[in-house]
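Report on one structure; see the data block that follows.
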2 protein chains.
Amino acid sequence: MGRKTNGNNRKKSKNSVEKKKLIIRAATEVFAGKGFHSCRISDIASRAGVAYGLVYHYFENKEEILNTIFDKNWGLLNSLLEDLAGRDIPLRQKMTELASLILDAYRMVPELIHVMVIEIARSSRQLSRPRLDQYVRSLEQLGSILAHHQRQGEIRADLDCRLLAYQFFGALELVLTGYLLHMLPGNDRDFEAIKKQVIDVFLAGVA
Amino acid sequence: MGRKTNGNNRKKSKNSVEKKKLIIRAATEVFAGKGFHSCRISDIASRAGVAYGLVYHYFENKEEILNTIFDKNWGLLNSLLEDLAGRDIPLRQKMTELASLILDAYRMVPELIHVMVIEIARSSRQLSRPRLDQYVRSLEQLGSILAHHQRQGEIRADLDCRLLAYQFFGALELVLTGYLLHMLPGNDRDFEAIKKQVIDVFLAGVA
DNA sequence: CCGTGTGTTGACGTTGGAGTCAATCGGCGG
DNA sequence: CCGCCGATTGACTCCAACGTCAACACACGG
């Protein structure tokens, strides 16, 4: 299968990195399709078109695959949030960028988002500590962004911003779940309308 | 263990009904503690203080236990929603009753709510059809309640009530999750404040 | 007082699937 | 051309947990 191993470093061939990605992609699809718990390593291997044992060559176990998927992608969300915290733009624009990242990501790679939202976020008990911390960090970050705008008078003073962050995230998340479970029908035009409504209602609610 | 089997019907002694409840209670605690997937039947049996095999005397398998828990309690939610749909009271009062049912239930039996929210609602793939249907039905019911008030002019005409239902539920749910995962601290006083804020923001947002 | 039933027990057989590993492949450097 | 070493394979071992089942307990009716 491998071709030229060009002048990279010796330890990891370029090919090996590709293989790892291949397995991650396959795992994402399988997790989305059968769920994390009910799929077997062999499902991932055969979906990726590699031997059973190879999965263990690249990953400790199933859990580590899930963690890898989570870390890489949740990191994107966190860095957007950190970025937004530093920028001096209207609240609406911040909320729009946040909602866009999440909803657009779904449009691009629905299986990935399925795994992120359904399989990981709510596993609670088996959600390993680092995972939970990232989750919490996102919420806290959003909370402090909101608090900043509250000081500017854009948000009513009597509201708890920490709680508001949970409310907004929750609303976004269940709307997404509706799509994931095919409860809500939707095409691209609808998507923009949804984004708009979620943000409008939130902003009108806190103003 | 058994005492008098009084003049009940012959098939099921009163005692047997109690035993079944005992197992359900134990299962709820265990599910909440270790998660549905990672707990064993033997965990439930020993928590209930009964023999392993007895669990199979009362239930087909682990899945059926979960379904039993779900059905009984989600039914309560659905009947409240149906009730609210028929009553002629202000929107605020309806939302308050709904939020109260959910949040107060948590205050009474946190482990149960933990299982309902975390373990069941988001299992999606393995969520058996009847379960999913009940879930959807609740959302639809709330959606039509909102639509009714929209016709009365209490909700802006440009909003999609179906989507609003998802937004409200989602907000409530993630706030609850915050508590369940101990991300949000809370005592009884806070609880009322939270309920108020979630409803206030929603109503202000849709008005 | 025995016979029948449901209630209850825990050891046992089975199995799905995780994780191991010895063997083979294949590219690259020498 | 050779030998090394990472990449790759899939058969095999092992075990946890499921679900079964034969036997025992105990209450009641006859």
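Note on naming: letters A, B, ... go to the chains in the order of the sequence lines (proteins, then strands), and numbering restarts at 1 for each one. Predicted model only: the values in this text are computed from it and were never measured.
If you measure from atom NZ of A:Lys20 to atom P of D:dG6, you get 16 Å, rounded to the nearest angstrom. Spacing between atom CD1 of A:Ile23 and atom C1' of D:dT8 amounts to 10 Å, rounded to whole angstrom units. Taking atom CD on B:Glu64 and atom C1' on D:dG19, their separation rounds to 14 Å, with Å as the unit. Atom CD1 in A:Ile41 sits about 21 Å away from atom P in D:dC12, given to the nearest Å. One interatomic measurement links the two molecules: CD1 of A:Ile44 to C1' of D:dT9, which rounds to 18 Å at whole-angstrom precision. Per the geometry, CG belonging to A:Asp43 stands 12 Å off C1' belonging to C:dG16, to the nearest Å. The distance between atom OH of B:Tyr56 and atom C1' of D:dT20, rounded to the nearest whole Å, is 10 Å. Taking atom CZ of A:Phe36 as the reference point, atom P of C:dG17 lies 14 Å away to the nearest angstrom.
Between B:Ser16 and C:dT6 there is no side-chain polar atom (N or O) within less than 4.0 angstrom of OP1 or OP2. Of the side-chain N and O atoms in A:Lys19, none sit less than 4.0 angstrom from OP1 or OP2 of D:dA7. Phosphate proximity of D:dC12 to A:Tyr52: absent, as no side-chain N or O sits under 4.0 Å from OP1 or OP2. Distances shown here put every side-chain N or O of A:His57 at or beyond 4.0 Å from the OP1 or OP2 atom of D:dT8.
Across all strands shown, C:dC21 forms a Watson-Crick or G-U wobble pair, both distances under 3.5 Å, with D:dG10. Within the shown strands, nothing qualifies as a pairing partner of D:dC26 under the Watson-Crick or G-U definition with both distances less than 3.5 Å.
Formation of a donor-acceptor pair under 3.5 Å by the B:Gln150 side chain with backbone atoms of B:Leu159 is found in this model.
By the 4.0 Å N-to-carboxylate-O rule, B:Asp83 lies close enough to B:Arg87 to be salt-bridged with it. A salt bridge is absent between B:Glu97 and B:Lys94; no separation between the charged side-chain nitrogens and carboxylate oxygens falls under 4.0 Å. With salt bridges taken as basic N to acidic carboxylate O contacts below 4.0 Å, one links B:Lys195 and B:Glu192.
Side-chain atoms of B:Ala51 lie closest to C:dT9 of the nucleotides C:dT9, C:dG19, C:dG7.
Using the six-membered ring where Trp is involved, B:His37 and A:His37 have ring planes that are parallel, under 30° apart on the 30 and 60° scheme.
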